[in-house]
Amino acid sequence: MSNTEKTISFRAAAAKIETLDSLAAAQDRSRSYLINEAITNYIELHAYQDALVRKGLEEMRKDRGVSHEEVVKRLKRAGRARR
């Protein structure tokens, strides 16, 4: 293990671990590999979502927001609003 890695432990339901192990075997990967992939995907997704929220908040602070009513109106014009 390199200096840039740390070991963690956590509890998970036995069924989840069994499923994880089955996936790892099917992909010829280790449990740790799949867990690291899952963590990477989680971090990337949530960092992306956080960036979008921050960008939206900044737009609102600059008074460049769009009201709910305006969004609905635009969606209806585009034929995408719920009926």
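In this chain, residues are counted from 1 in sequence order.
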Undergrad: Listed by chain and number, what are the ring pair (Phe, Tyr, Trp, His ring centres under 6.0 Å) partners of Y48, not counting sequence neighbours?
TA: none
Undergrad: If hydrophobic clusters are built from ILVMFWY residues whose side chains come within less than 4.5 Å, do M60 and V66 share one?
TA: no
Undergrad: In terms of side-chain geometry, is the basic nitrogen of E58 or K55 positioned less than 4.0 Å from the acidic oxygen of its partner?
TA: no
Undergrad: Calculate, to the nearest 0.5 Å, the distance between atoms CG and NZ belonging to L57 and K62 respectively.
TA: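 The distance works out to 12.0 Å.
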Undergrad: Looking at E70 and R74, does any basic side-chain N land under 4.0 Å from a carboxylate oxygen?
TA: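 A salt bridge is present here (some side-chain N lies under 4.0 Å from a carboxylate O).
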Undergrad: Taking atom CZ of R54 as the centre, report whether more than 12 heavy atoms of other residues, nucleotides or ligands fall under 6.0 Å from it.
TA: no
Undergrad: How far does CD1 of I35 sit from CD1 of I8, to the nearest 0.5 angstrom?
TA: 7.5 Å
Undergrad: For atom NE2 of H68, is the number of surrounding heavy atoms from other residues, nucleotides or ligands below 6.0 Å larger than 12?
TA: no
Undergrad: Applying side-chain hydrogen bond (donor to acceptor under 3.5 Å, both in side chains), which residue pairs with at least one partner in residues 22-38 are found, sequence neighbours left out?
TA: D21-R31
